[in-house]
*Asks:* 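One structure is given below, represented as structure tokens, and several questions about it will come after.
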Protein chains: 2
Amino acid sequence: MLSHLKSLQALELAVRLGSLKQAADALSITPAAVGQRVKALEDYLGLDLLERGRSGLRPSQSLSVALAHLNTAFRELDAAATALDLQRGHEIHVAAPSDFAELWLAPRLGRFTALHPNTRFSINGEGDAPIRIGPVDCEISFGPPRDEPEYDILFRDYVLPISSPENTRRIAALGRRERLEGFPLLHLDFYRNDPAAPAWPAWIKAQKLKRTAPERGIRFQRITMVVEAVLADAGLTLCGLALISALVEDKRLSLPFPKSTGAWTSHAFQSRFRKDTLARPQMRRFRDWLVAECAETRLWLSRMAG
Amino acid sequence: MLSHLKSLQALELAVRLGSLKQAADALSITPAAVGQRVKALEDYLGLDLLERGRSGLRPSQSLSVALAHLNTAFRELDAAATALDLQRGHEIHVAAPSDFAELWLAPRLGRFTALHPNTRFSINGEGDAPIRIGPVDCEISFGPPRDEPEYDILFRDYVLPISSPENTRRIAALGRRERLEGFPLLHLDFYRNDPAAPAWPAWIKAQKLKRTAPERGIRFQRITMVVEAVLADAGLTLCGLALISALVEDKRLSLPFPKSTGAWTSHAFQSRFRKDTLARPQMRRFRDWLVAECAETRLWLSRMAG
DNA sequence: GCCCAGGCTAAAGCTTTTCTTTAGTACCGC
DNA sequence: GCGGTACTAAAGAAAAGCTTTAGCCTGGGC
């Protein structure tokens, strides 16, 4: 029966693309591996299949008689793969809060795809799954921690006041109890379902500060938007650090009050992979990577919270 | 890039032949292995590809859209395999003395092909290679032992008088020194280049027997032919036991004189595999099997020789 | 002519895939 | 109801396949 399928595939691709290197890139394996595939077939047949020449690879005479068949065969297999959506296995569909996707996941995904080229991501808002085969692979949410086995707790958040560096300096120049007077308070609704996450009125009371009408101010649904307002000196907000570590680290965002004035959320970001989806090696790799990146974020948060 | 080639092959074959069992037979693997291949693809895609029904397997609706492409693809791959002589790897070409082939190898090959179906043999006389790709895979000869690594010493031979049971009884009824008078001596040239292998004159002198004109009698080139003559009561011959063990064991050939009257050859049957050909797993298996069968023949010869 | 970069190859070792075996289930025909 | 055949799941062993390292070869540029 027909054997050496991988060798034939490597061979056909090497000839079509003109080099073992380009075939390797297409197959996401090393050139050495492509060379081994081709050589194994040559050893098995006891003849040369490629002429390694001056301007790359060319099929040998022995191979030429089979090459048209090979081209057609792999073209048809590509068509079958397309029909079956075989590449689906290399795609990872993630539904996540858009704040998480934009501020935390997207900046980091380059590290994953550098390790695993050939992976394509489709990232959508929560509940915003495309009409494709089956539901999304990975769903990330912020809510009460679940302990079912398919959930991974990514990280809780540490919420405290955030401002622009300019506003931080101006606040520091004031007396302690008057520090919030004269600065607009921006309200972020992202954490409102979390009993542990403070809103301005509770925070001000807890810190024994003075601020008239603390419940007043613009409300924002999304962290991304309130962050933009803060960056524009529009005011202060209470915000979790987890998603904005990059902005804090490069000092585009600043902490106008001591770190100890913050509070951990009781809710957490968590992921849920569909049970069957972890049969795919690419998906297991992604999950492992995600868990590792989140461990780093937890570490950074612990250092920030003191 | 295209993956799951083995799964797609198993899938296409299972649908085409109507069962996992028949696909397994065609692929020379177990039905369990075929089932695993198909299931791996189904898990990967997150959908069913086969309907396991009352009258065998049918493609699911998901698979139907790809099936024509798969059929064409594997038909083209079969054509490419034919053009490349890919099945060549499952063929083993042996050049051996026809006596060895007929009396020793052919009766035993059934044991090999029972273990390794899908292997086809092409056995020719020594030096009688077909005009095919490259020389023969395995060459067996009888000659001075070689110690180059590509040679395996199969077995030496143990040469002594051989007759039909009827002639053995008639010889035993005679007096000791007259036992060869009246019986035609048949001469076998197979061992004539071996200084240790006795011919009739030397054997008679060594045994201190009496026989007028011991050099007279019909000469045979081939063991097979002289054996047929002996079986027909045409006379006695001096012959090695190695290739005729079956005839001796079922008593169609007999030893008219004690076993101790025999002599080991200094030459030996030996095999030589072309260096590169042992890259093929089928060839390694054949070589291992051959060496093991020959070890059994050596053991039998040792018991016969005392 | 020399040097550097890119491509290929061989070998070793590790990881992943694939297969066999065992045991069990389901279905069909008698 | 029983026996036979086909399929499936799980465990473990064997084989295949890949990466990494080191080295060689070729071609182009200086």
Side-chain angles (χ1 to χ4, degrees), chain A residues 1-11 13-15 17-44 48-58 60 89 114-118 276 278-285 288, chain B residues 1-11 13-15 17-44 48-58 60 89 115-118 275-276 278-285 288:
Chain A
M1 203 57 215
L2 188 60
S3 55
H4 294 88
L5 290 169
K6 278 179 172 268
S7 294
L8 290 169
Q9 178 188 36
L11 181 65
L13 218 71
V15 169
L17 302 182
S19 77
L20 299 186
K21 171 74 168 86
Q22 296 210 46
D25 288 343
L27 291 166
S28 298
I29 60 181
T30 62
V34 176
Q36 284 165 34
R37 285 193 193 184
V38 171
K39 182 168 169 35
L41 189 54
E42 287 179 320
D43 288 347
Y44 182 81
D48 284 341
L49 294 167
L50 293 175
E51 288 173 9
R52 282 86 162 166
R54 300 184 162 286
S55 44
L57 301 174
R58 288 193 301 108
S60 69
L115 293 170
H116 308 293
N118 224 35
D276 55 328
L278 289 167
R280 286 152 58 191
Q282 202 78 326
M283 196 62 64
R284 289 201 300 274
R285 284 194 280 263
D288 292 347
Chain B
M1 206 56 214
L2 189 59
S3 56
H4 294 87
L5 289 169
K6 278 181 173 265
S7 294
L8 291 169
Q9 179 188 35
L11 182 65
L13 219 70
V15 170
L17 302 179
S19 76
L20 299 186
K21 173 75 168 84
Q22 296 209 46
D25 288 344
L27 290 166
S28 297
I29 60 179
T30 62
V34 177
Q36 286 166 33
R37 285 194 192 182
V38 171
K39 183 167 168 36
L41 190 52
E42 288 180 320
D43 289 347
Y44 182 83
D48 285 340
L49 294 168
L50 293 173
E51 286 173 9
R52 280 89 161 164
R54 297 185 164 287
S55 43
L57 300 174
R58 288 192 301 108
S60 70
L115 292 172
H116 309 294
N118 224 34
K275 267 179 235 125
D276 54 331
L278 289 169
R280 285 152 59 194
Q282 203 77 328
M283 196 63 62
R284 288 200 299 274
R285 285 194 278 265
D288 292 347

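Every chain is numbered from 1, with letters handed out A, B, ... down the list of sequences.
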*Asks:* Tell me which one of A:Leu11, A:Leu13, A:Leu57 satisfies side chain to side chain contact (heavy atoms under 4.5 Å, CB included) with A:Val38.
*Replies:*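 Result for side chain to side chain contact (heavy atoms under 4.5 Å, CB included) with A:Val38: A:Leu11.
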*Asks:* Take the protein atom NE2 of B:His4 and the nucleotide atom P of C:dT17, then report the distance between them rounded to whole Å.
*Replies:*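 To the nearest whole Å, that distance equals 9 Å.
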*Asks:* Tell me the closest heavy-atom pair linking B:Leu50 and B:Glu42, and the distance in Å.
*Replies:*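 Between these two residues, the closest heavy atoms are N-OE2, 3.4 Å.
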*Asks:* Rounding to a whole Å, what distance do you find between B:Lys39:NZ and C:dT18:C1'?
*Replies:*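 It is 16 Å, rounded to the nearest whole Å.
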*Asks:* Just verifying a value: how many Å separate A:Leu8 CG and A:Leu49 CG, rounded to the nearest 0.5 Å?
*Replies:*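 Interatomic distance, A:Leu8 CG to A:Leu49 CG, rounded to 0.5 Å: 9.0 Å.
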*Asks:* Please report the interatomic distance CG(B:Leu27) to CD(B:Gln9), rounded to the nearest 0.5 Å.
*Replies:*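 Those atoms lie 5.0 Å apart.
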*Asks:* Would you compute the distance between atom CD of B:Gln36 and atom OG of B:Ser7 and round it to the nearest 0.5 angstrom?
*Replies:*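 These two atoms lie 10.5 Å from each other.
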*Asks:* Please state how far atom CG in A:Leu50 lies from atom C1' in C:dC8, giving the value in whole angstrom units.
*Replies:*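 Value for this atom pair: 12 Å.
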*Asks:* Within the sub-3.5 Å range, which N or O atoms of nucleotides 23-25 of chain D have a protein N or O partner, and how far apart are they?
*Replies:*
none

*Asks:* Report all interatomic pairs (protein N or O, nucleotide N or O of nucleotides 18-21 of chain D) with separations under 3.5 Å.
*Replies:*
| unit_1 | atom_1 | unit_2 | atom_2 | d |
| --- | --- | --- | --- | --- |
| D:dC18 | OP1 | A:Arg37 | NH2 | 2.3 |
| D:dC18 | OP2 | A:Arg37 | NE | 3.1 |
| D:dC18 | N4 | A:Gln36 | OE1 | 3.4 |
| D:dT19 | OP2 | A:Thr30 | N | 2.7 |
| D:dT19 | OP2 | A:Thr30 | OG1 | 2.8 |
| D:dT19 | O4 | A:Gln36 | NE2 | 2.8 |

*Asks:* Would you name the heavy atoms of A:Ile29 and A:Arg37 that are closest together and state the gap between them?
*Replies:*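 Heavy-atom minimum between the residues: CD1-NH2, 3.8 Å.
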*Asks:* In whole Å, I'd like the distance from the CD atom of B:Gln22 to the C1' atom of D:dT5.
*Replies:*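 It works out to 12 Å between those atoms.
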*Asks:* Just by modelled atom types, is the A:Asp48 backbone N or O under 3.5 Å from a matching donor or acceptor in the A:Ser60 side chain?
*Replies:*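 Confirmed, A:Ser60 side chain pairs with A:Asp48 backbone.
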*Asks:* Whole Å only: how far is the CD atom of B:Glu42 from the C1' atom of D:dA9?
*Replies:*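 Atom CD in B:Glu42 sits about 14 Å away from atom C1' in D:dA9.
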*Asks:* To the nearest angstrom, how far is A:Gln9 atom CD from D:dA16 atom P?
*Replies:*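 Nearest whole value for this atom pair: 18 Å.
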*Asks:* Is the backbone N or O of B:Arg58 less than 3.5 Å from a side-chain atom of B:Glu51, with the two atoms forming a donor-acceptor pair by type?
*Replies:*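 No.
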*Asks:* What's the closest nucleotide to the B:Leu57 side chain, out of D:dA9, D:dC7, C:dA10?
*Replies:*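 Ranking D:dA9, D:dC7, C:dA10 by closest atom to the B:Leu57 side chain puts D:dC7 first.
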*Asks:* List, one per line, each side-chain donor-acceptor pair under 3.5 Å for residues 17-24 of chain A, sequence neighbours excluded.
*Replies:*
| unit_1 | atom_1 | unit_2 | atom_2 | d |
| --- | --- | --- | --- | --- |
| A:Ser19 | OG | A:Lys21 | N | 3.4 |
| A:Ser19 | OG | A:Gln22 | N | 2.9 |
| A:Lys21 | NZ | A:Asp25 | OD1 | 3.2 |
| A:Lys21 | NZ | A:Asp25 | OD2 | 3.2 |

*Asks:* What is the distance, to the nearest angstrom, from the CG atom on B:Leu5 to the P atom on D:dG17?
*Replies:*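 Roughly 10 Å, once rounded to whole Å.
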*Asks:* Rounded to the nearest Å, what distance is computed from the CG atom of residue A:Asp43 to the P atom of nucleotide C:dT9?
*Replies:*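 So the CG-P distance, A:Asp43 to C:dT9, works out to 12 Å.
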